[in-house]
Amino acid sequence: MKWEDSLDKIKGVGPKRREALATAGIKTVGNLLSYYPRKYLDRSVFGSPELFCEDQEISLKAIVLDKGRLNRIRGNLSIYTVPLLWEEKKLSAVFFNQPYLKNTFQENHDYYFYGKVKKAYGEIKITNPQFVIASNPGKFFELTPVYRKIQGVPSSVIPKILSQLFASDLEIPDSMPEEIRLSEKLMDMKSALKGIHFPQKAEDVIRGTERLKFNEALKINMGIIASARDKSYSDIAINLFSGLKAFISSLPYDLTNSQESVIGDMVADLKSGQVMNRLVQGDVGSGKTVIAVIAACLMAQNGYQTAYMAPTEILAQQHGRSFRELLRNTGITVEVVTGSLKAKEKREILDRVAKGEVSVIIGTHALIQQAVDYYNLGLVITDEQHRFGVKQRSQLSLKGKKPHTMVMSATPIPRTLALILYGDLSVSYIDELPKGRKPIKTYCYNEASLHKILGFIEAEMSKGRQTFVICPFIEASEELEAVRDTESVYLEVQQKIESKYRLGCLHGRLKSDDKESIIKAFNQGEIDCLVATSIIEVGIDVPNVSTMVILSAERFGLSQLHQLRGRVGRGSHQSFCFLVTNSKSEETIARMKVIVNNRNGRKIADEDFKLRGPGDYFGFKQHGLPKLGLLNPSEELALIKRTKEIAAIIFESNNLEMMTFRNDVLKSFYIDIADISFN
Ligand code: ADP
Ligand code: MG
């Protein structure tokens, strides 16, 4: 069997199973071998009746006293109880819904059991344990891999196919030159994979993991070097900088120092003659839009078009308004292209884009998916980076002659990690908020105080301010009763506040026309209180909003809470944010404290990172990263550094073996990137 062979070739995998596996992305031998275990069961850890931890699975050796009792309760519900003696103590093994076990046990024989032991009402029980007769334990004490569940595939299937594979003449490609493999003390690929899937001892897992992580880190670094080498001289010449100052001084406010320095970075990039590829990272409300407007203005003054991609249609409209407002006196034309335009309108706009009559084109990803002919695209700006993957960026770039790119992001990333994640991208940080902003006062309350909080927002509305009430869900959920939803909260707010205040309700399931009109009404001050889901997380910019109430706040990630809170405090009024939660878990309390006590997005991300661990933070979806199997870039900086050195050596070498290896690694890097799809 070969790495790229289809699973069809394997006996005993029927079409149904194969389809279920394919749905989980497992179509080839290589896919299956790369489906690494989630964890390992180690049944060699024994407990004793005096000393066991209730939450931890342990092994124990016990004598079966008799064949036990089977109680059929109703339907297919049954409880089978077997009395045991565990080091002189009585214990029962309890099996739910496994009546077929009834005649399995032999009286007065020793068995090994593995599971969680619990004490209740003076009795000790082990529930649904795994077991084996002590005289013939077989593989019971070997490390047992546990795989993530795949719908429609029983858990025994994956190990079964894998063991068939390893029993056949499995060929595993490994082009890593011996020179590197030996100097880095790495296993060959076949042994590494065997160690991961069929470990004899813990060491096998450790050594196998080492090799696989090394591959991943090396691949990323090779990809980074390759794309940096790809950096080419730009044929989009920007020479006219004289109009820039005049435009900046026409703005309704002075730029902050941070904003000025970003403009400086951009000008330096454009003067360098190379293609600009810059990430602008700044907290919500730090004023990234105006940077985009200035860049677009500079492009227009030099005769080039700018495409601006927003993550949602609402945001595209919002930015359309901001751009038009700020470019009002310049004669620069701005158009918004989104999915909801009428066909005729859209055709007309696209026609003008193709003729070069429109300088700034704003839209959602529809901008890339449809055939937009630009007259001469000079700059692509994507907003809220975390919603776009590498693939989207490169697709859009193909539309012009390698346009300059700028990425706006509010997702804070430490500088070293930005390098790993984005490779050749240069980063500018906006580290200060515009002057005159008052810090948002943030509080955390129990649901019992909700009526008081509603009283507070009523008072704010009586002063002419607007307010948000945010819920995690759109409608009530049966399983998660305690989590608040916009439907019922809307009714509750309606009952509790005076009827003269105008309410609105906004969520993702509304038609896009309805969404637009609600946002428009809110922008124009025709809605006083908007009950919404996190759909408003990005982009609504209404300085008159003073208060945000976030219900079931424990359901949101910290960075998301920070992002949400960024929707208030955009004007000169004192603003407020109420986090409401009924959760008393220590973790929730710690997380709420982080938001109450911190204003800075990068600080919050750091804290979030500490509390949650890197798993979610480096979500593959979030960053549109090549898929990472085992590597955790935040923990493995040493490995990242080391593989970076090796990547450089490989690139410099003229040795045939090294060059073959380089091509293999790069090929797989590009396949990974191509696999990333929207959302
Ligand atoms: P974000 O970085 O979240 O995209 P925005 O660009 O939407 O932030 O800016 C937030 C608000 O700050 C807007 O109302 C904008 O007009 C205002 N703003 C931006 N820069 C400045 C500045 N230098 N001085 C005062 N207000 C500013
Ligand atoms: Mg923005």
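Hydrogens, waters and symmetry mates are skipped; everything else that's a heavy atom, side chains included, is used.
The distance from the CG atom of Leu251 to the SG atom of Cys297 is 9.0 Å, given to the nearest 0.5 Å. In this structure, OG in Ser272 is found 11.5 Å from CD1 in Ile238, a value given to the nearest 0.5 Å. Taking CD of Gln259 as the start and CD1 of Ile291 as the end, the distance is 5.0 Å to the nearest 0.5 Å. Once rounded to the nearest 0.5 Å, the distance linking CG of Leu315 with CD1 of Ile362 reads 11.0 Å. To the nearest 0.5 Å, atom OG1 of residue Thr581 and atom CZ of residue Phe556 are 11.0 Å apart. A distance of 6.0 Å separates OH of Tyr501 from CE of Met461, quoted to the nearest 0.5 Å.
Arg570 places a side-chain N or O within 3.5 Å of a backbone atom of Gly566 that can act as its donor or acceptor partner.
Side-chain contact between Leu270 and Met299 is present, with heavy atoms from C-beta onward closer than 4.5 Å. A 4.5 Å side-chain heavy-atom check between Leu298 and Ile294 finds every atom pair outside the cut-off. Within the 4.5 Å cutoff, the side chain of Glu357 has no heavy atoms near those of the Thr333 side chain.
For the side-chain contact (heavy atoms from CB on, under 4.5 Å) with Ile550, the qualifying choice from Thr442, Ile595, Val469, Leu561 is Leu561, the only one to do so. Screening Leu503, Val549, Thr467 for a side-chain contact (heavy atoms from CB on, under 4.5 Å) involving Val493 leaves a single residue, Leu503.
Heavy atoms of other residues, nucleotides or ligands lying less than 6.0 angstrom from CD of Glu586 number 12 at most. Counted within 6.0 Å of CG on Asn600, heavy atoms from surrounding residues, nucleotides or ligands total more than 12; the atom is thus considered enclosed.
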Chi angles and distances behind the salt bridge (charged side-chain N to carboxylate O under 4.0 Å, His left out) call for Lys496, Glu492: CA-CA 6 Å; Lys496 294 211 174 125; Glu492 195 175 330; 3.2 Å; yes
Val568/Phe468 under side-chain contact (heavy atoms from CB on, under 4.5 Å): CA gap, chis, key distance, verdict: CA-CA 9 Å; Val568 299; Phe468 284 123; 4.2 Å; yes
Test salt bridge (charged side-chain N to carboxylate O under 4.0 Å, His left out) applied to Glu335 and Arg324, step by step: CA-CA 9 Å; Glu335 289 295 349; Arg324 286 205 174 103; 3.6 Å; yes
Steps toward salt bridge (charged side-chain N to carboxylate O under 4.0 Å, His left out) verdict (Asp351, Arg347): CA-CA 6 Å; Asp351 204 43; Arg347 220 176 316 116; over 6 Å; no
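Contact check on Glu313 versus Lys515 returns no salt bridge, with no Lys/Arg side-chain nitrogen under 4.0 Å from an Asp/Glu carboxylate oxygen.
Using bins of under 30°, 30° to 60° and over 60° for the plane-to-plane angle, the ring pair Tyr443/Phe578 lands in the parallel bin.
No hydrogens or angles considered: a donor-acceptor pair under 3.5 Å links the side chains of Asp283 and His562. Using modelled atom types, one finds no donor on one side chain facing an acceptor on the other under 3.5 Å when comparing Thr547 with Arg465.
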List, one per line, each side-chain donor-acceptor pair under 3.5 Å for residues 444-455, sequence neighbours excluded.
from, atom 1, to, atom 2, distance (Å)
Asn446, OD1, Ala448, N, 3.1
Glu447, OE1, Arg484, NH1, 2.9
His451, ND1, Ala448, O, 3.3

